[in-house]
Amino acid sequence: MSKYDRFFDGYELEAYNLFGAHKVNDGVEFTVWAPNAYKVEVFMSKDDFKVFYPLDRIDFRGVWQTVVLNCDLIYSYRYRIYKDPFTYHDKSDPFAFLSELRPGNASVMYDLDSYKFSDDDFLKNRHFSYDDPMNIYEVHLNGFKKERDLATYKEAKEHLIPYLKEMGFTHLELMPVTEHPFDGSWGYQSSGFFSATSRYGSPYDLMDFINECHKNGIHVIMDAVYTHFVADAFSLCNFDFTPLYEYSEEHLRRSEWGTYYFNLLSRPVISFLLSSANFFLEVYHFDGLRLDAVSHFIHHKGNKFLGENKAGHDFIKRFNFHIKKAHPDCVIIAEDSSDFPKVTVPVEFGGLGFDYKWDLGWMNDTFKYLKMDPVYRKYHHNAINFSMYYFFNEKYLLPLSHDEVVHSKGTVIDKMYGSYEDKFKQVRTLYMYMFTHPGKKLNFMGNELALFREFDEKKEMDWFMLKYPLHDSFKEYFKALNHMYLDNPAFYQGEYDANSGNFRWIDADNANWSLFTYYRSDGKNIFVTVLNMTPNRYDNLEIGVPDEGEYVEYLNSDNTIYSGDGYVNEKPLKSFKKATNNLEDTISFRLGSFASITFKHVLKKKRARKTTAKALAKKEISAEQGA
């Protein structure tokens, strides 16, 4: 039995220990998979790339290996793959732990074992539960904050982590950090699936950043791209002069991005991808994966009219089952635009096995509605209330991601209808809706500043916009929403259980006024939310409430501290007996233009009856007589 059997059977999760460059005794062992190669050599910077060390074929399935003596893990290297005695090309190592910074493309030897994490307490307490809050901040490291041309992991440790804590984010999602040659691909066209990009520093710098996140209670999710890879000549394509990692058929191989689809019928390729995912969770201590372009696993080229992708289905089920089994406390999220069912149902129950799925329907419907002149919104009322009709079909996550602020789509605030001031009013109500709606949350960096400039990977966020009161106060409003969400279990506990009573509409059908009212409850606390999608104001608006008592404003988007008009309810609102919205109790309140309010229910305690001395004496006499 060979140690490579699991790799060739498609079940290996640690292929990075079998292949690549590893220190052994007095040298470095090089191992590569190239079944159709005539000959394989390795050459390196140790000898100015002038000496070629031949590899021996040690397994009939195409494993080549050699040991270069008197060599340490400090050099860059390439493989020379021969088609015949006279034809060759040079390739980067598919299992390299580090790669040269663009425009270089050689692989770099690296010892990953010397870094010592100090996040044991975090990992010991890490667990997966649908009843935990999840508030994700999606980041492209070079676009957050930087002091030079390129950001660094060290700068992220200094600036990003305190910001996440201040703002109230629980999770950080890093756009792909696997090595990629073109900055403008944002990492979605990767060349190194075991190489953390050297743009921002060394592998140890990334490890140290994740370690520091964990010490501050922040989970880190890696954006992972396992559908396709960059078609550059030095990378995986045509690796041994045959389509080894990609499909051989042209119509299956080519993607619409100019990349190559992975051959998901190849068991070694499946092991390669399984091992890449396990590598970043195990070695770098990432806390989860967000898989890109899942619809392409489900349908050929992501198009349902081209039919289901059987190989993609089998792969994603195997992937989720084995990665989740190895890391049950980590999260796997699907970025999926299809309407394919059971995406978040466990594999053993016939599903694809993801923990969460992006609710792109919610995002699209919401933006379509808010781009509309309020005069016409009453005719499209279900664009807002429809999301709860299907919400319990999957474990949905609400995303306002980088995809929505690029390619001339306009930023989140710029999608709002109306004047400059009205855009701010409506974007505040959009976020009240998002944070009080069931489902975990994800926002791309800059959303919280209400930026008007679209994302550009070459520039940091427009922090100078905080000099302007509307932007600065919106940041404070966004922070208040984040902490309202985190501090109150009613906004996340039981949200995926349709029978828990966590979410209930009070009035989903007030189309004429474009008002939406609903409440969230964890069985102890009740929060009532009202959304006004028109410029109308109300002085004595009445809605039904689920329980008697007082209702106090927890957060009002129209508060002057958030640059609102100040149409607030300063005093607690006492409910009164009146049937409204099929509820027995009612409150009356003020509601501003395009405003939203979340009220917290306060049930007044009944006064305990005083026990007088006379009554107490009488009680004691009765007790003696009974005895």
Heavy-atom side-chain proximity of Met416 to Lys371 below 4.5 angstrom: no
Lys600 side-chain N/O to Tyr554 backbone N/O, donor-acceptor pair under 3.5 Å: no
Parallel, tilted or perpendicular, as decided by the 30° and 60° cut-offs, for the rings of Phe474 and Tyr477: tilted
Asn512 and His381 side chains, donor-acceptor separation under 3.5 Å: no
Non-hydrogen atoms of Ala277 and Leu289 that approach each other most closely: CB-CD1, 3.6 Å
CG (Asp373) with more than 12 external heavy atoms under 6.0 Å: yes
Ring-ring centroid check Phe444 Trp186, cutoff 6.0 Å: no
Salt bridge flag under 4.0 Å for residues Asp565 and Lys425: yes
Lys357 vs Lys395 side-chain heavy atoms within contact, under 4.5 Å: no
Tyr390-Asp359 side chain donor-acceptor pair, cut-off 3.5 Å: yes
side-chain contact (heavy atoms from CB on, under 4.5 Å) between Arg453 and Lys459, worked out: CA-CA 11 Å; Arg453 180 178 65 82; Lys459 301 177 181 178; 3.9 Å; yes
Gap between atom CZ of Phe319 and atom CG of Leu352 - 0.5 Å precision: 12.5 Å
Residues in salt bridge (Lys or Arg N to Asp or Glu O under 4.0 Å) contact with Asp558, at least two apart in sequence or another chain: none
Side-chain heavy-atom pair Ile597, Leu555 within 4.5 angstrom cut-off: no
Rounded distance [0.5 Å steps], CD1 in Ile543 versus CG in Leu591: 9.0 Å
Mutual orientation of the aromatic rings belonging to Phe503 and Tyr518 [parallel < 30°, tilted 30-60°, perpendicular > 60°]: tilted
Polar contact flag, side-chain donor to acceptor under 3.5 angstrom, His219-Asp287: no
Near-ring test Phe117/His285, centroid separation under 6.0 angstrom: yes
Phe424 and His471 aromatic centres sub-6.0 Å: yes
side-chain hydrogen bond (donor to acceptor under 3.5 Å, both in side chains) partners for Lys441, two or more places apart: none
Test: Lys475 and Glu166 ion pair at under 4.0 Å: yes
Polar side chain donor-acceptor pair, Gln493 to Asp522, under 3.5 angstrom: no
Plane angle bin for Phe128 and Tyr130 - parallel if under 30°, tilted between 30 and 60°, otherwise perpendicular: perpendicular
Evaluation steps, side-chain contact (heavy atoms from CB on, under 4.5 Å), between Leu397 and Ile136: CA-CA 10 Å; Leu397 181 154; Ile136 305 171; 3.7 Å; yes
Sidechain N-carboxylate O distance under 4.0 Å for Lys578, Asp585: no
Evaluation steps, side-chain contact (heavy atoms from CB on, under 4.5 Å), between Val552 and Leu573: CA-CA 6 Å; Val552 297; Leu573 308 174; over 6 Å; no
Expected output: side-chain Asn364 to main-chain Leu360 donor-acceptor under 3.5 Å: yes
Results of salt bridge (Lys or Arg N to Asp or Glu O under 4.0 Å) for Asp456 - residues two or more places apart only: Lys458
Interatomic spacing from CD1 in Ile218 to CG in Leu164 - rounded to 0.5 Å: 4.5 Å
Residue list, salt bridge (Lys or Arg N to Asp or Glu O under 4.0 Å) with Lys145, at least two apart or on another chain: none
Rounded distance [0.5 Å steps], OH in Tyr417 versus CG in Leu370: 13.0 Å
Closest approach of Ala156 to Leu141 (non-hydrogen atoms, all atoms of both residues): CB-CD2, 3.8 Å
Check: Phe527 ring centroid to Phe599 ring centroid under 6.0 Å: no
Between OG1 on residue Thr436 and CE on residue Met432, distance to nearest 0.5 Å: 7.0 Å
Whether Phe169 and Tyr137 hold their rings parallel, tilted or perpendicular, with breakpoints at 30° and 60°: tilted
Heavy-atom check, side chain of Thr534 versus side chain of Arg377, under 4.5 Å: no
Working for side-chain contact (heavy atoms from CB on, under 4.5 Å), residues Tyr567 and Asp539: CA-CA 9 Å; Tyr567 228 58; Asp539 288 315; 2.3 Å; yes
Side-chain heavy atoms of Tyr431 within contact of Asn447, under 4.5 Å: yes
Neighbour count above 12 (heavy atom, 6.0 Å) for Glu348 CD: yes
Tyr369 side chain near Met533 side chain, heavy-atom distance below 4.5 Å: yes
Donor-acceptor under 3.5 Å (Glu138 side chain, Asn443 main chain): no
Salt bridge (Lys or Arg N to Asp or Glu O under 4.0 Å) partners of Asp208, counting only residues at least two apart: Lys157
Distance-only polar pair, side chains of Asp365 and Ser387, donor-acceptor under 3.5 Å: no
Asp355/Lys324 salt bridge by N-O under 4.0 Å criterion: yes
Side chain proximity check, Leu449 to Trp463, heavy atoms < 4.5 angstrom: yes
Rounded distance (nearest 0.5 Å) linking atom CG of Asn393 with atom CG of Asp339: 11.0 Å
Ring-ring centroid check Phe367 Trp362, cutoff 6.0 Å: no
Phe435/Phe478 aromatic ring centres below 6.0 Å: yes
Near-ring test Tyr188/His402, centroid separation under 6.0 angstrom: yes
Centroid-centroid distance, Phe144 to Tyr163, less than 6.0 Å: yes
Note: Asp292-Arg290 ion pair, threshold 4.0 Å (strictly below): yes
Expected output: side-chain Ser593 to main-chain Pro535 donor-acceptor under 3.5 Å: yes
Donor-acceptor pair between Ser575 and Glu548 side chains, under 3.5 angstrom: no
Any side-chain heavy-atom pair of Asn502 and Arg520 under 4.5 Å: yes
Check: Trp513 ring centroid to Tyr538 ring centroid under 6.0 Å: yes
Thr429: partners by side-chain hydrogen bond (donor to acceptor under 3.5 Å, both in side chains), with sequence neighbours left out: Ser596
Tyr420-Phe452 aromatic ring centre distance below 6.0 Å: yes
